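Only one structure is covered here, and it is reproduced in the block below.
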Protein chains: 2
Amino acid sequence: MSKKQLIMEKAVELFSKQGFEATSVQQITDYCGISKGAFYLSFKSKDELILALIDYYMQQFSTELDYTVRNETKENTLYQFFYKTFHAFSNHVEFARLLMKEQTYSLNEALLDKMRYYDQLTNETILTIIEKVYGDAINDIKFDLILAIKGLLNSYSSLLLFNKVAFDEELAAESLVEKTNILATYMSTPFITEEQGKMFQHFSVEDMSKEQLLSLMSSIADDIEDSLEKDSLVLLKEQIDHTSFNLAIIKGLIENIRANKQCKWIAYLLEKHFNLL
Amino acid sequence: MSKKQLIMEKAVELFSKQGFEATSVQQITDYCGISKGAFYLSFKSKDELILALIDYYMQQFSTELDYTVRNETKENTLYQFFYKTFHAFSNHVEFARLLMKEQTYSLNEALLDKMRYYDQLTNETILTIIEKVYGDAINDIKFDLILAIKGLLNSYSSLLLFNKVAFDEELAAESLVEKTNILATYMSTPFITEEQGKMFQHFSVEDMSKEQLLSLMSSIADDIEDSLEKDSLVLLKEQIDHTSFNLAIIKGLIENIRANKQCKWIAYLLEKHFNLL
DNA sequence: TATACTAATGACTAACCGGTCATTTTGTCA
DNA sequence: TGACAAAATGACCGGTTAGTCATTAGTATA
């Protein structure tokens with residue numbers, strides 16, 4: 001395990017117990033068994049650590065969920081969404097607790113931006129599910145449905161994260177599927193109008209700039225040995241500015257890199273960039 | 001306004017913007033226009049301030065909601081519960097934000113206990129509503145209904161607290177009433193069993209000890225001038241250890257003090273103590 | 001006006017914070 | 001073994017923190 005990862009995994013434990021502000025760098029390094037100086041070889045600052053941490057876990061969660069949502073059958077999508085979420089939370093209890101705690105933290109503007117970004121990703125994922133499962137029929141209540149799903153997920157996740165009793169992930173998912181279906185079927189008094197919903201939809205997620213994409217791909221390419229994936233990355237980089245290949249080829253190249261753990265996130269971003277979703 | 005109140009109302013503004021940890025006592029006193037020493041004449045420590053703050057606002061919220069829930073018609077109860085909650089939040093936006101932010105803060109064990117206490121009060125209030133509105137028919141799903149209501153309330157409150165768009169409290173309440181009714185009517189796959197629900201129900205709220213009640217009443221009696229209320233308090237104090245009066249008399253005495261703003265909370269606690277609810 | 005008491009002040013302390021950097025330890029070659 | 005570089009250390013820095021306390025200001029009584 002790299003030192004960076006060691007620090008992240010130990011830090012997430014302390015943050016989830018005490019909160020970000022209340023945990024000192026000294027505490028983290030003591031807990032890792034390293035010196036304070038060593039910390040600053042891996043991270044430029046304490047702020048950079050929590051930003052990296054959020055990315056590290058949220059990228060895993062988001063790609064996993066997005067993949068699930070796009071590849072399940074219509075009948076299973078909603079169940080799998082709930083189940084995978086609970087499962088991810090129970091596999092990363094400390095991070096999930098941190099997420100709940102630091103949700104609305106505002107001192108650090110960069111952190112707040114990041115939170116808003118991933119929250120918006122979640123909204124988009126849920127909206128995709130809703131449109132896939134219920135079709136156009138529920139257009140006028142779909143934004144209320146997003147809010148309701150997030151609220152329910154929040155309540156039941158708290159149970160998983162902060163109670164000592166065993167948590168049956170399958171039953172919980174099943175129960176939330178039923179609640180969602182009921183609401184989708186019978187709801188007729190939405191609170192959020194189409195008008196407001198649009199704002200809701202497009203507000204905070206602007207796509208990554210080409211420069212950001214390219215630099216991210218470069219830094220990943222440097223870390224990878226496997227030649228197929230490295231080559232695919234290089235070819236994809238060339239396609240970002242001026243797409244000359246057929247989209248099928250690009251899709252294939254993205255498929256090549258998706259299997260690699262380090263590439264999952266960039267694969268997801270590239271699909272968004274090339275409008276392949 | 002007393003100095004204590006001044007500090008609390010200014011502090012809640014700063015806490016809601018920056019969080020508790022990130023706000024210094026110096027900042028608070030500067031903002032109040034008083035000296036640092038003066039702060040420590042009103043509060044023993046910064047921790048004591050936030051505990052007092054939570055009590056100050058949550059007692060207002062709880063008594064208000066409890067009164068509403070018990071005195072509305074069956075048809076209006078649920079609507080009024082949602083509406084009053086939204087209304088209280090929009091009248092005390094800063095405190096409500098603080099509440100959302102510091103929800104699960106765990107460094108301070110006393111704070112965590114207090115949060116759990118008021119959360120449990122909320123659970124009891126919601127349970128009372130559910131039983132009043134839906135009767136015994138929904139016994140097997142009532143704990144799921146509590147969770148669902150809290151989740152929905154959480155989602156929609158976030159909208160009120162963290163978005164800049166105008167928030168129609170009446171429409172929001174109406175919309176949540178509908179959602180709740182739908183769930184209560186059609187839900188059939190509860191997640192929380194009767195067994196777990198019992199734990200849920202009795203877990204953390206132990207009644208206040210008689211000593212705590214008595215000392216609270218004494219300190220309030222010292223602050224009050226009005227003789228009727230003062231006398232009623234003294235008579236009630238005598239009844240706590242050995243109830244000799246008829247319960248009707250006790251009920252009357254409690255009614256005497258309820259009108260006084262300082263007594264609302266103790267009136268609520270006394271009703272619980274004498275099992276008058 | 002003198003006295004006695006409370007309310008309020010802000011300089012001060014000891015502890016801790018995030019972050020730096022000269023120094024030492026460790027690992028890797030020839 | 002010795003020479004060199006990379007990795008790791010922890011004393012140290014300037015700044016901030018919660019909390020204290022000798023001193024002063026304000027007020028009421030006599």
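These numbers come from a predicted model, not from an experiment. So you know, we letter chains A, B, ... as the sequences are listed, proteins then strands, and number each from 1.
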Residue whose closest nucleotide on DNA chain C lies nearer the 5' end, A/Ser24 versus A/Gly37: A/Ser24
A/His92 and A/Gln60, any side-chain heavy atoms less than 4.5 Å apart: yes
Between P of C/dC17 and CD of A/Glu21, the distance in whole Å: 12 Å
N/O donor-acceptor pair under 3.5 Å between B/Gln27 side chain and B/Ser24 backbone: yes
Integer-rounded Å distance: C/dA8 P and B/Leu6 CG: 11 Å
Rounded distance (nearest 0.5 Å) linking atom NZ of B/Lys84 with atom CG of B/Asn91: 11.5 Å
Strand contacts (DNA chain C) in residues 38-47 of chain A, 4.0 angstrom heavy-atom criterion: A/Tyr40, A/Ser45, A/Lys46
Non-neighbouring partners of B/Glu238 that pass salt bridge (charged side-chain N to carboxylate O under 4.0 Å, His left out), sequence neighbours left out: none
Sugar-phosphate only, base, or nothing, as touched by B/Thr23 at under 4.0 Å among non-hydrogen atoms: sugar-phosphate
Backbone of B/Leu161 reached by a side-chain donor or acceptor of B/Arg97 within 3.5 Å: yes
Separation of atom CG in A/Leu49 from atom P in C/dG19, rounded to whole Å: 10 Å
Check: A/Thr23 main-chain N/O paired with A/Lys46 side-chain donor or acceptor under 3.5 Å: yes
Interatomic distance where CD belongs to B/Gln26 and C1' belongs to C/dC17 [whole Å]: 17 Å
More than 12 heavy atoms from other groups under 6.0 Å of NZ on B/Lys264: no
Contact boundaries on DNA chain D for chain A, cut-off under 4.0 Å to non-hydrogen atoms: D/dA8 to D/dG10
Spacing between B/Asp30 atom CG and C/dG10 atom P, to the nearest angstrom: 10 Å
Side-chain (A/Glu48) to main-chain (A/Lys44) donor-acceptor, under 3.5 angstrom: yes
Pairwise side-chain contact, A/Phe15 with A/Glu94, heavy-atom cut-off 4.5 Å (strictly under): no
Atom-pair distance (CD1 on A/Ile7; P on C/dG19), nearest Å: 13 Å
